[in-house]
Amino acid sequence: MVFYLPETLEGASTLDEMTPRQIVAELDKHVVGQAEAKRAVAIALRNRVRRQKLSEELAEEVLPKNIIMIGPTGVGKTEIARRLARLTNSPFLKVEASRFTEVGYVGRDVESMVRDLVEISIDMVREEKVNEVADKAEQNAEERILDLLLPPPNPKPRTPGVEEIPAASGDGSENLERTREKLRAQLREGKLDERQVEVDVRERSFPAFEVISSQGIEEMGINMKDILPGLFGERTKKRRMQVAEAMDYLIQEEENRLIDMDQVTRAAVERVEQNGIIFLDEVDKIAGRERGHGPDVSREGVQRDILPIVEGTTVNTRYGMVRTDHILFIAAGAFHVSKPSDLIPELQGRFPIRVELQSLSVEDFIRILKEPKSALVKQYTALLETEGIKLSFTDDALEELARFAAAVNDQTENIGARRLHTIMEKLLDEVSFEGPDLKKKNVKVDAQYVKERLAEIVKNQDLSRYIL
């Protein structure tokens, strides 16, 4: 599961204060061009904030304005949606519409995307709660390690979170406390990391039985442990491990003990219902009207199965019922051989905002290579710098790379910015392989260097189809 932490914003103290212009400015840091698409998602996000300020009765009636992004692969459709989710700390799921099949055919049920989104949200909220209790969990784990290293004279089970009343002072207890504090200092300095301790480790025993279902266990939304708690007993066993390993294990155990999973579940479900984003990719693959037979029947069936999810329905998950009324859906597709009007009218009406993303030009490729925070040039420079290699690119080298990428996209299949990945790999193949053994650690990539390694491949169209 993937989840995102909110990014630091300039000029806005909270996400609620972000204007559409500021949202676009944040997206500009990661995605080159495509101003119209950025503008559309910025407005959709701002409308979410506006809805939350309405009365509860009116807010319930305001539905999200779902978006269809139209454009070739590799121009930034997915990245815009992903960055938007990271910016807002929203549960985000990317799913290919073509992976679903009509009910009655072999394939995944469309409701599974809502269940997957809830799982992502659970992980997000749990991680936030872990950060909140991290210090307390570490303190409790430290005390338990010290109890193992220096057992108290009359050992009592330690209750996490309950402050113990100190025993009456005396020479014995004072000496014990001094020794304990010395061990604490050594533990924090890492001097005891390799010492062996014996820890009670939980082991779960699961009885062998088989669940027979036409849907599969992931679609059932059933937690067998909750239904049959008596069958799933928990036992502990002694296990010897080093202090460093024991500390990690006990911290995790304390975190689980301090976190209220019921509270996590409630917060996660609410976050899905109010802020969830589902990115439906390859929606053009299911565009088609029923003609009585053949694959079009299945395509329209998938659309009709997706329709209630987008319209707003209630989906049964293992964490309870989840409403989809206010989940934002962003659909995307190349629409080379079909068009949005080929979707069934009911589904078209649920995507009122349509934006067309433009194919990338040579100038766009140049900007993609050097401007974004995680630009390819920055990535390769940092990777090789780990082995002491100083890699530098001249401006004319970037221009030459951009021209080669645009040329190969024109001659073969247009895969947008992803072409830069294959070209950069081929360009730096020798440096990456020979890097650790190079005597000269300064490598300058100029236009001549690019031409020497790529020109012949690009000229040979048959070869470029396989290599680039």
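Computed from a prediction, not measured in an experiment: that's the story for all the values here.
A donor-acceptor contact shorter than 3.5 Å links the side chain of Lys65 to the backbone of Leu63. At distances below 3.5 Å, not a single donor-acceptor pair connects side-chain atoms of Ser338 with backbone N or O atoms of Phe335.
Taking the charged nitrogens against the carboxylate oxygens, Glu119 and Arg115 have no contact shorter than 4.0 Å, which rules out a salt bridge. Contact check on Lys238 versus Asp200 returns a salt bridge, with a Lys/Arg side-chain nitrogen under 4.0 Å from an Asp/Glu carboxylate oxygen.
Here CG of Asn66 is found 11.0 Å from CD1 of Ile277. Values are rounded to the nearest 0.5 Å. Atom CG in Leu357 sits 5.0 Å away from atom CD1 in Ile80 (nearest 0.5 Å). How far CG of Leu343 is from CD1 of Ile306: 9.5 Å, rounded to the nearest 0.5 Å. Atom OG of residue Ser121 and atom CD of residue Glu270 lie 10.0 Å apart, to the nearest 0.5 angstrom. Put simply, CG on Leu187 and CD on Glu142 are 5.5 Å apart, with the number rounded to the nearest 0.5 Å. The distance from the OG1 atom of Thr88 to the CD atom of Glu26 is 12.0 Å, given to the nearest 0.5 Å.
Looking only at side-chain heavy atoms (C-beta outward), Leu117 and Phe92 stay at 4.5 Å or farther from each other. Looking at heavy atoms from C-beta onward, Ile68 lies out of side-chain contact with Ile353 at the 4.5 angstrom threshold.
For the residue pair Glu253 / Tyr249, a side-chain donor-acceptor distance below 3.5 Å is found, with atom types taken as modelled. For Glu128 and Asn89, the side-chain atoms include at least one donor-acceptor pair closer than 3.5 Å. Looking at Ser112 and Asp109, their side chains never bring a donor and an acceptor atom within 3.5 Å of each other. The closest side-chain donor-acceptor pair between Arg46 and Thr19, if any, does not fall under 3.5 angstrom. No side-chain donor-acceptor contact under 3.5 Å links Gln34 and Arg39. Counted by atom type alone, Arg126 and Asn131 present zero donor-acceptor pairs between their side chains at under 3.5 Å.
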TODO: Take Glu254 and Arg144 through the test salt bridge (charged side-chain N to carboxylate O under 4.0 Å, His left out) and record every step on the way to the result.
DONE: CA-CA 10 Å; Glu254 289 296 328; Arg144 291 175 65 180; 2.7 Å; yes
TODO: Evaluate salt bridge (charged side-chain N to carboxylate O under 4.0 Å, His left out) for Glu346 paired with Arg304, printing each intermediate quantity in order.
DONE: CA-CA 9 Å; Glu346 299 92 331; Arg304 294 202 177 277; 3.5 Å; yes
- [ ] Check step by step if salt bridge (charged side-chain N to carboxylate O under 4.0 Å, His left out) holds for Glu198 and Arg239.
- [x] CA-CA 5 Å; Glu198 205 170 60; Arg239 179 181 160 195; over 6 Å; no
Open item on the list: As a quick check of understanding, evaluate salt bridge (charged side-chain N to carboxylate O under 4.0 Å, His left out) for Glu143 and Arg184, giving each step before the final call.
Closed with: CA-CA 9 Å; Glu143 295 299 332; Arg184 189 190 305 277; 2.8 Å; yes
Task: Worked check of side chain to side chain contact (heavy atoms under 4.5 Å, CB included) between Val377 and Thr381 - done: CA-CA 6 Å; Val377 167; Thr381 301; 4.0 Å; yes
TODO: Apply side-chain hydrogen bond (donor to acceptor under 3.5 Å, both in side chains) to the pair Tyr380 and Glu425, showing each step before the final yes or no.
DONE: CA-CA 9 Å; Tyr380 280 99; Glu425 279 295 322; 2.6 Å; yes
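Environment of CD in Gln252: sparse, with no more than 12 heavy atoms of neighbouring residues, nucleotides or ligands closer than 6.0 Å. In the displayed structure, Glu138 atom CD is contacted under 6.0 Å by at most 12 heavy atoms of other residues, nucleotides or ligands. For Arg50, the CZ atom is densely surrounded, since the number of other residues' heavy atoms within 6.0 Å is greater than 12. Shown here is Glu57, whose CD atom has no more than 12 heavy atoms of other residues, nucleotides or ligands within 6.0 Å.
A side chain to side chain contact (heavy atoms under 4.5 Å, CB included) with Leu87 is found for one member of Arg82, Gln22, Met18, His30 and no other, namely Met18.
Considering all non-hydrogen atoms of both residues, Ala417 and Phe365 come closest at CA-CE2, 3.9 Å. Taking each heavy atom of Phe351 and Ala331 in turn, the nearest pair found is CE2-CB, 3.6 Å.
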